[in-house]
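Report on one structure; see the data block that follows.
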Amino acid sequence: MKSLSRRFLLGAACLGCGGAHLGLRATPAQAQSATPPRWSPPPAAERCPSRWGPQDRRGSMNLMTPERAKRAAGLVRNGTMVELGHTLAQTMPFFGTRRFDVHLKRTFMNPQANRRGSNEEVVVAEIGQVGTQLDAFPHQTIGDEVYNCVKYEDIAGRDGFREMGVDRIGTIFTRGVMIDVAGLKGVPTLPDDYEITVADLEQALQRQGVALEEGDAVIIHTGWGLLWGKENARYVAGCPGIGVAAAQWILQRNPMLMGSDNWPVECAPSKTMPDASLPVHQLALVVHGVHLLENMRLEELARRSQSEFAFMLQPLKVAGGTGSTVAPTAMF
């Protein structure tokens, strides 16, 4: 029998403690209190090796098995497909120097008698971190370490990361579950600084009559996507999303990925952990090895009240990339 890491054993023994062993020095109830505790990432001894061993580089993608794909295929009953990705355009919201520019190369008419014309374009973009995007593990660190306590300097080169690049992820085809928190609250969009709690997740799942299972793509609907391309300054200034305790609650159920219709999946800035910068990014990508899917387009799924579906995603094979623009699809 394969030996289990200290991090995994503690996680199993502390399923209801809100992840105190992983840097949360508080229970979920305390994490939602009026006097939030100071947060710091868990030390290497508490998070490494991963549950799949010290040499693992795939994290939650170890859950992408043929059996899980077959189960997902069984969720496609009438052939409906809903696209969950935004169109890439210059009207998207951006952070800092991120950009997406398209320059059309006008028609070139070939000299042959059949007058075949050709059109192309030059795209100047940060292709891994714009639009609907999937984060690979090297995108975030705790100090100088990425997932499974690998030193990023040991795997980084001028042409990308030699390990754990987005090109190593492969096709994701699994059961998807959308947790409609905006629907639970009866609003199109959650308030700008609303931090989703464990109770919110539990109540939304109960309302929708669905439960999370290991290997799911867990998607959070906040309604924030309604601002996309319309109120870009507000979109990037902050957003509602899951809090640290809610994220840990999901992570304890071993999802394949976590996604949302906002830009970081989590609430930003964090309300329960105001001293921390995007702590859920560290918990998901670095501690648990779970990919994050950001800037999703979820309005149609919410309108259909579709909680369960087959979820498919294929990141671009950017060698050594920290992420990829993606076009995920829900099928049911």
Side-chain angles (χ1 to χ4, degrees), residues 18-19 24 26-39 84 86 93 95 132-133 135 177-208 210 212 217-253 255 257-284 290 292-303 305-307:
L24 288 177
T27 66
Q30 290 169 328
Q32 302 295 339
S33 70
T35 56
R38 186 179 182 87
W39 187 85
L84 307 180
H86 286 287
F95 286 92
T132 304
Q133 63 203 51
D135 287 345
V177 174
M178 186 184 73
I179 306 178
D180 189 1
V181 182
L184 172 71
K185 302 297 183 180
V187 296
T189 303
L190 295 175
D192 295 39
D193 62 348
Y194 188 80
E195 189 164 277
I196 295 169
T197 67
V198 172
D200 289 334
L201 299 178
E202 292 176 330
Q203 290 168 18
L205 288 169
Q206 183 179 24
R207 172 178 174 265
Q208 295 167 225
V210 67
L212 299 184
V218 180
I219 310 301
I220 312 297
H221 176 236
T222 70
W224 203 242
L226 292 173
L227 277 60
W228 183 269
K230 300 174 183 177
E231 298 183 53
N232 287 347
R234 180 184 170 196
Y235 186 91
V236 300
C239 65
I242 53 175
V244 173
Q248 189 62 32
W249 186 87
I250 296 172
L251 290 165
Q252 287 163 349
R253 283 147 182 80
L257 63 81
M258 296 195 304
S260 185
D261 53 357
N262 63 15
W263 52 269
V265 179
E266 59 192 291
C267 178
S270 175
K271 292 182 70 177
T272 58
M273 303 292 169
D275 292 327
S277 171
L278 298 184
V280 172
H281 268 59
Q282 290 181 310
L283 282 171
V290 173
L292 295 177
L293 178 56
E294 302 160 340
N295 299 324
M296 300 184 72
R297 181 173 164 267
L298 299 178
E299 289 75 28
E300 184 173 351
L301 278 186
R303 186 169 60 251
S305 298
Q306 190 70 39
S307 302

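Here the NE2-CG distance, from His281 to Leu283, works out to 11.5 Å after rounding to the nearest 0.5 Å. In this structure, Asp180 CG and Gln306 CD are separated by 12.0 Å, a value rounded to the nearest 0.5 Å. Here the CG-CD1 distance, from Leu84 to Ile219, works out to 7.5 Å after rounding to the nearest 0.5 Å. A distance of 11.5 Å separates CG of Asp193 from OG of Ser270, quoted to the nearest 0.5 Å. Here the straight-line distance linking atom CZ of Arg297 with atom CG of Leu226 works out to 11.0 Å at 0.5 Å rounding. In this structure, CD in Glu299 is found 6.5 Å from CG in Asp261, a value given to the nearest 0.5 Å.
Glu202 pairs by the salt bridge (Lys or Arg N to Asp or Glu O under 4.0 Å) definition with nothing, not counting sequence neighbours. Looking at residues two or more places apart in sequence or on another chain, you find a side-chain contact (heavy atoms from CB on, under 4.5 Å) between Glu231 and Leu227, Arg234. By the side-chain contact (heavy atoms from CB on, under 4.5 Å) test, Cys267 pairs with Glu195, Lys271, sequence neighbours left out. Listed by chain and residue number, nothing satisfies the side-chain hydrogen bond (donor to acceptor under 3.5 Å, both in side chains) test with Thr189 (two or more places apart in sequence, or in another chain). Not counting sequence neighbours, Arg207 has no partner by the side-chain hydrogen bond (donor to acceptor under 3.5 Å, both in side chains) test. Residues satisfying the side-chain hydrogen bond (donor to acceptor under 3.5 Å, both in side chains) criterion with Gln208, sequence neighbours excluded, are Ser307. Under the side-chain contact (heavy atoms from CB on, under 4.5 Å) criterion, Ala199 pairs with Thr197, Gln203, sequence neighbours left out. Partners of His86 according to the ring-ring contact (aromatic ring centres under 6.0 Å, His included) rule, which considers only residues two or more places apart in sequence or in another chain, are Trp228. With sequence neighbours left out, the side-chain hydrogen bond (donor to acceptor under 3.5 Å, both in side chains) criterion links Tyr194 to Lys185, Asp200. Applying the side-chain contact (heavy atoms from CB on, under 4.5 Å) test to Gln282 and every residue at least two apart in sequence or in another chain returns Trp39, Pro41, Ile142.
Among all heavy-atom pairs drawn from Ala247 and Met258, the shortest one is O-SD, 4.3 Å. Minimum interatomic distance between Leu257 and Gly259 (heavy atoms only, all atoms of both residues): CD1-N, 4.1 Å. In terms of heavy-atom proximity, Tyr235 sits nearest to Gly225 at CE1-CA, 4.5 Å. Pro93 approaches Gly229 most closely through the heavy-atom pair CD-N, 4.1 Å. The shortest heavy-atom contact between Thr222 and Ser260 is CG2-OG, 3.8 Å. The shortest non-hydrogen separation linking Leu212 to Trp249 is CD1-CZ3, 3.9 Å.
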In sequence, state the C-alpha distance, the side-chain angles, and the governing distance for Leu205 and Val177, and then conclude on side chain to side chain contact (heavy atoms under 4.5 Å, CB included).
CA-CA 9 Å; Leu205 288 169; Val177 174; 4.2 Å; yes

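Residue pairs meeting the side chain to side chain donor-acceptor pair (under 3.5 Å) criterion with at least one member in residues 236-245, sequence neighbours excluded, do not occur.
Residues Leu293 and Val265 have side chains not in contact (no heavy-atom distance under 4.5 Å, counting atoms from C-beta outward).
At distances below 3.5 Å, not a single donor-acceptor pair connects side-chain atoms of Gln133 with backbone N or O atoms of Asn295. For the pair Trp224 (side chain) and Leu190 (backbone), a donor-acceptor distance under 3.5 Å is absent.
The residue from Leu184, Leu201, Ile179 that alone fulfils the side-chain contact (heavy atoms from CB on, under 4.5 Å) condition with Ile196 is Leu201.
Counted within 6.0 Å of CD on Gln206, heavy atoms from surrounding residues, nucleotides or ligands total 12 or fewer; the atom is thus considered open.
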